[in-house]
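As structure tokens, the structure follows; a few thoughts come after it.
Quick note on labels: first sequence line is chain A, next is B, and so on, each numbered from 1.
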Protein chains: 2
Amino acid sequence: MNMPSKEYRQRLIEELVEHEFISTQAEIAEHLAARGIKVTQATISRDVNELRLVRLPAGNGQHRYRSTPLAAQEDVVGELAQRFRLFVRDMARGDNLLVVNTDEGHAVGIAYVIDKLDRDEIVGTLAGQNTILVICKSGDAAQAILDEFEDLFT
Amino acid sequence: MNMPSKEYRQRLIEELVEHEFISTQAEIAEHLAARGIKVTQATISRDVNELRLVRLPAGNGQHRYRSTPLAAQEDVVGELAQRFRLFVRDMARGDNLLVVNTDEGHAVGIAYVIDKLDRDEIVGTLAGQNTILVICKSGDAAQAILDEFEDLFT
DNA sequence: CTTTACTCGGCATATTCATACAATATCCAA
DNA sequence: TTGGATATTGTATGAATATGCCGAGTAAAG
């Protein structure tokens, strides 16, 4: 017997969470046990972490484990860093405005991710074909953002 | 002194969670204390429950509290019930197919919510102007779903 | 002014979850 | 096959969260 690899177990957990009302990790362990997979709560805790499941309060004192698309959205910075390294050519600041120069056609896509950053200092973005205009609250704010963006290349 | 009503505190919590990387309720309490609001972790726990905040694993052993749109989406059944009471005129079953008759133009919107139910028994839906076809896995499944839908009116 | 009914929040504690550590297990290069 | 590096897991325990109970505050009713 060996099937129950970690991966298989995690797949099962995702399914469980999808279809059943699960409120504790102990419960998950029980369900798995019923399917012949015996692991402890500790292991489930690690799985839950890796799967980025979430314990959502129902508001009435109940809780339910859920998978969440938030997990993907979580690493916006990484997403942005990748795009910057691939497509950004140049950046400049003029007072509270940042001008980001990208490879042809990529401005919109990158601006979208910048928006997702949801930074207070950024008022908004405008994207054309290969240029993004990032409008910041102030010159200082713009400089801070610029520094941050430059770090993305490292 | 009286301002710091529960509502105000919760608004603050939502803001905190939005803008800071918060990983425990104790941390929330600290931030609030810094703003002059002194409450215990127990209270925060209740707030978190009511606000339906979620502690999202970052995958690396870190955690961050987040607000989540999942919370709204959670009560799909309620959403469906409301629409049914308002717009559904008639329902019928033919073997594994359910035909739902709605007020003119509402079929697509209601079908959308039916899809969100994400029920195993439902294979898919097709919506026209005022008719939804719900395709179920079997006649029994269809009957079960029909019963369930009829209960939505009560 | 009482009484009754609620809401709110602290305290203490129960429940639930995360993790340091040590024991295997697995994989891979030589 | 062997040694060493890496992964995976359980045990024990600590950290974090949830909750029963109670008292204080408030408002409406009597």
In whole Å, I'd like the distance from the [atom1] atom of [X] to the [atom2] atom of [N].
{"X": "A:Gln25", "N": "D:dA16", "atom1": "CD", "atom2": "C1'", "result": "12 Å"}
{"X": "B:Asp47", "N": "D:dT19", "atom1": "CG", "atom2": "C1'", "result": "14 Å"}
{"X": "B:Gln10", "N": "C:dC8", "atom1": "CD", "atom2": "C1'", "result": "11 Å"}
{"X": "B:Leu32", "N": "C:dC8", "atom1": "CG", "atom2": "C1'", "result": "16 Å"}
{"X": "B:Glu27", "N": "D:dA15", "atom1": "CD", "atom2": "P", "result": "15 Å"}
{"X": "B:Leu51", "N": "D:dT17", "atom1": "CG", "atom2": "P", "result": "15 Å"}
{"X": "B:Ile44", "N": "D:dA18", "atom1": "CD1", "atom2": "C1'", "result": "13 Å"}
{"X": "B:Ile13", "N": "C:dG9", "atom1": "CD1", "atom2": "P", "result": "10 Å"}

> Looking only at heavy atoms, which two atoms of B:Leu98 and B:Leu146 are closest? And how far apart?
Replying inline: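 Here B:Leu98 and B:Leu146 meet closest at CD2-N, 4.0 Å.
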> Considering all heavy atoms of both residues, which atom of A:Val17 and which atom of A:Ile22 are nearest to each other, and what is their separation?
Replying inline: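 Closest pair (atom of A:Val17, atom of A:Ile22, distance): CA-CG1, 4.5 Å.
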Between [Y] and [X], is there a side-chain heavy-atom distance shorter than 4.5 Å?
{"X": "B:Asp103", "Y": "B:Val88", "value": "no"}
{"X": "A:Thr102", "Y": "A:Thr131", "value": "no"}
{"X": "A:Arg9", "Y": "A:Val39", "value": "yes"}

>> For B:Arg55, give me all partners under side chain to side chain donor-acceptor pair (under 3.5 Å), at least two apart in sequence or on another chain.
In response: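 With neighbours one apart ignored, the set is empty.
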Among the candidates [options], find the nucleotide nearest to the side-chain atoms of [X].
{"X": "A:Lys6", "options": "D:dT17, C:dA18, D:dT8", "value": "D:dT8"}
{"X": "B:Thr40", "options": "D:dA18, C:dC11, C:dC17", "value": "C:dC11"}
{"X": "B:Val39", "options": "D:dA18, D:dG10, C:dG10", "value": "C:dG10"}

> When the nearest nucleotide of DNA chain C is assigned to B:Glu50 and to A:Thr43 on a heavy-atom basis, which residue is associated with the more 5' position?
Replying inline: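 Result: B:Glu50.
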Sub-3.5 Å pairs of nitrogen or oxygen atoms, protein against nucleotides 13-15 of chain C:
none

Output yes when [X] and [Y] qualify as a salt bridge under the 4.0 Å nitrogen-oxygen rule, no when they do not.
{"X": "A:Arg66", "Y": "A:Glu18", "answer": "no"}
{"X": "A:Arg11", "Y": "A:Glu15", "answer": "no"}
{"X": "A:Glu148", "Y": "A:Arg119", "answer": "yes"}

>> Using C1' atoms of five pairs at each end, report the bend of the helix from C:dC1-D:dG30 to C:dA30-D:dT1 rounded to 10 degrees.
In response: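 End-to-end axis angle for the helix from C:dC1-D:dG30 to C:dA30-D:dT1: 30°, rounded to 10°.
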>> Heavy atoms only, 4.0 Å cut-off, all strands: where does A:Arg55 land among base, sugar-phosphate and nothing?
In response: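 The residue A:Arg55 makes sugar-phosphate contact but no base contact.
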>> Under 4.0 Å, heavy atoms only, any strand: does B:Val48 hit a base, just the sugar-phosphate, or nothing?
In response: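 Here B:Val48 touches no strand at all.
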> Is the backbone of B:Gly139 close enough, under 3.5 Å, to the side chain of B:Gln143 for a donor and an acceptor to pair up by distance?
Replying inline: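 Judged by distance alone, no pair lies under 3.5 Å.
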Within the pair [X] and [N], is there a side-chain N or O less than 4.0 Å away from OP1 or OP2?
{"X": "B:Ser45", "N": "D:dA18", "answer": "yes"}
{"X": "A:Tyr65", "N": "C:dC17", "answer": "yes"}
{"X": "B:Arg9", "N": "C:dG9", "answer": "yes"}

> Start at the 5' end of DNA chain D and walk down; is the nucleotide closest to A:Arg46 or to B:Arg46 reached first?
Replying inline: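 It is A:Arg46 whose nearest nucleotide is closer to the 5' end.
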